[in-house]
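Shown next, in structure tokens, is the structure this report addresses.
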Amino acid sequence: MNIHMEATLAIDAKNTIGEGPLWDARGERLLWCDNAHGIVQEARSDNNKDWYISRHWTLNRYIGGAVPRQDGGIIVVAGIDILALDDNGHITPFARLDADPKKVRANDVKCDAQGRLWVGTLGNDVLTSSGDVIEGQGSLYRIDPDGTITTILSQVTLSNGLDWSPDGTSFYYVDSHTLAVDIFDFDSDKGTLHNRRCFKAFAKGEGIPNGLAVDQEGNIWLALMGSGSVHRYSSAGELIGKVRISTPAVTSCTFGGIHGDHLFITSAGRKLPDITHHLYGLSQEAVEYSAKAPGAGGLFICQTNVSGPAATPFAG
């Protein structure tokens, strides 16, 4: 059964690059970022229906993502730095990736069920002077609660969505440049990945895989940049639904709300880069329309027929 739904604009945030939505169950709040402007945003609702930005913190640095912290506050990954941010906006350094900040920066983050932080990176400069993509500058890291950093994957071009199956045995991962979602076997005790294979590949023009979330039934919800929709796939890779938003520039999604059955969807408010047309086949119409579409850069919401887990806080 292929179910089509429409998401509504919850907050007209006008983010340049809205990204990384996560639900903090303890705080009953949604956290997400405007990556381009270095802003961490918090959204709340008094009735689980009408949402508003309750607070924000401006770091003035490119942000890869933010997650709740077990001991309170937020962990923010900015550039290559892992920072502890308290509710008053005070920042304490926690760890630093072993990478050159002039070459790479963080782009998406999430914690596994054990409270370990996973951080993916991409190159600051993605194109050569001749217009070719510079491949393999990024990596995927695991940061343990004691601050130990382990490189899990190298030769990544544009690290993006990541999440785990409900039983914790599978890991889904996006390197957007490959136009595919990959799946790994996951060793939850060791925090290691094995047996990489393709879960879902896309033809040029279908959309660029970006952020993703896995629901309690094991279905994968994938934001396809340029398509204006989040696609829902069964664990067998079958397309079983779509959630449409009013702008082509969909970036990521997560489950949240009091009952965990709201799908929050972030978007970008800027014109999509020309590379998305020339290299990845998005229509010129979608590229041009992205910055002026209704709700561009906004936070969208959709009531679903399934729930998803809240974010696991970082245990460090």
Side-chain angles (χ1 to χ4, degrees), residues 4-22 30-45 49-60 62-66 107-108 122 126 158 160-161 174 176 202 205-213 221-232 242-254 256 262-304:
H4 292 263
M5 296 177 283
E6 297 286 335
T8 58
L9 183 64
I11 299 176
D12 191 12
K14 294 182 171 58
N15 294 153
T16 299
I17 308 177
E19 264 284 11
L22 291 174
L30 183 80
L31 298 172
W32 85 106
C33 306
D34 185 342
N35 288 11
H37 291 290
I39 303 173
V40 179
Q41 298 156 116
E42 172 193 89
R44 295 184 183 273
S45 172
K49 180 180 178 181
D50 300 310
W51 296 87
Y52 59 93
I53 295 178
S54 46
R55 278 186 297 184
H56 71 275
W57 300 267
T58 302
L59 278 68
N60 293 315
Y62 196 102
I63 295 177
N107 191 57
D108 209 347
L122 80 164
V126 296
L158 206 171
N160 237 315
V174 172
S176 294
F202 299 89
E206 287 188 274
I208 303 169
N210 203 317
L212 62 83
W221 301 67
L222 174 69
L224 269 179
M225 172 66 80
S227 74
S229 60
V230 173
H231 287 199
R232 180 185 183 185
K242 293 182 182 181
V243 180
R244 299 284 305 179
I245 68 171
S246 57
T247 172
V250 57
T251 56
S252 191
C253 60
T254 197
H262 286 75
L263 185 72
F264 293 94
I265 304 169
T266 51
S267 66
R270 67 174 184 179
K271 175 180 173 291
L272 291 174
D274 290 334
I275 187 178
T276 59
H277 170 64
H278 299 305
L279 187 63
Y280 302 120
L282 298 189
S283 70
Q284 191 63 53
E285 180 184 10
V287 170
E288 297 295 336
Y289 184 59
S290 56
K292 54 189 177 184
L299 176 72
F300 294 81
I301 191 169
C302 180
Q303 176 83 48
T304 69

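By convention here, the first residue in the shown sequence is residue 1. The structure displayed is predicted, hence computed values, not measured ones.
- The minimum heavy-atom distance linking S267 with T251 is given by the pair N-OG1, 3.4 Å.
- Between M5 atom CE and S229 atom OG the span is 11.0 Å, to the nearest 0.5 Å.
- Proximity of T247 to F300: side-chain heavy atoms (C-beta onward) are separated by under 4.5 Å at one or more points.
- Sequence neighbours left out, the pairs with a member in residues 5-17 that pass salt bridge (charged side-chain N to carboxylate O under 4.0 Å, His left out) are D12-K14.
- Side chain of S290 to backbone of P248: no donor-acceptor contact under 3.5 angstrom is found.
- At least one side-chain heavy atom of I301 sits less than 4.5 Å from a side-chain heavy atom of W51.
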**Report entry** Worked check of side-chain contact (heavy atoms from CB on, under 4.5 Å) between V243 and R232
**Finding:** CA-CA 8 Å; V243 180; R232 180 185 183 185; over 6 Å; no
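- The main-chain N or O of L224 is never found under 3.5 Å from a side-chain atom of N210 such that the two would form a donor-acceptor pair.
- Under the 3.5 Å distance criterion, the side-chain polar atoms of T16 are left unmatched by any main-chain donor or acceptor of G269.
- Residues satisfying the salt bridge (Lys or Arg N to Asp or Glu O under 4.0 Å) criterion with R44, sequence neighbours excluded, are E42.
- Counting heavy atoms from C-beta on, the side chains of W32 and I11 come closer than 4.5 Å.
- Of all heavy-atom pairs spanning D108 and G211, the tightest one is OD2-CA, 4.4 Å.
- Closest of all the heavy-atom pairs between I265 and I245 is CD1-CG2, 3.9 Å.
- In this structure, I63 and G38 approach most closely via the heavy-atom pair CD1-C, 3.3 Å.
- Distance check, rounded to the nearest 0.5 Å: CZ of F264 to SG of C253 gives 12.0 Å.
- Nearest heavy-atom pair, L282 versus G226, reported as atom, atom and distance to 0.1 Å: CD1-CA, 3.7 Å.
- At least one side-chain heavy atom of Q303 sits less than 4.5 Å from a side-chain heavy atom of H262.
- No side-chain donor-acceptor contact under 3.5 Å links N15 to the backbone of A268.
- Note: H4 NE2 to K242 NZ = 5.5 Å, rounded to the nearest 0.5 Å.
- When all heavy atoms of S176 and N160 are compared, the closest pair comes out as OG-ND2, 2.8 Å.
- Checked by atom type and distance alone, the side chain of R244 pairs as donor or acceptor with a backbone atom of S227 at under 3.5 Å.
- Here the CD atom belonging to E285 is positioned 12.0 Å from the NE2 atom belonging to H277, to the nearest 0.5 angstrom.
- Residues satisfying the ring pair (Phe, Tyr, Trp, His ring centres under 6.0 Å) test with Y289, not counting sequence neighbours, are none.
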Query raised in the report: How far apart are the C-alpha atoms of I39 and L59, what are their side-chain angles, what is the distance that settles it, and do they pass the side-chain contact (heavy atoms from CB on, under 4.5 Å) test?
Result: CA-CA 6 Å; I39 303 173; L59 278 68; over 6 Å; no
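- Note: T266 OG1 to N35 CG = 8.5 Å, rounded to the nearest 0.5 Å.
- We find the CG-CG distance between L279 and D274 to be 12.0 Å, quoted to the nearest 0.5 Å.
- In this structure a side-chain-to-backbone donor-acceptor pair under 3.5 Å is present from S246 to P294.
- Put simply, the side chain of F202 reaches to within 4.5 Å of the side chain of L222, judged on heavy atoms.
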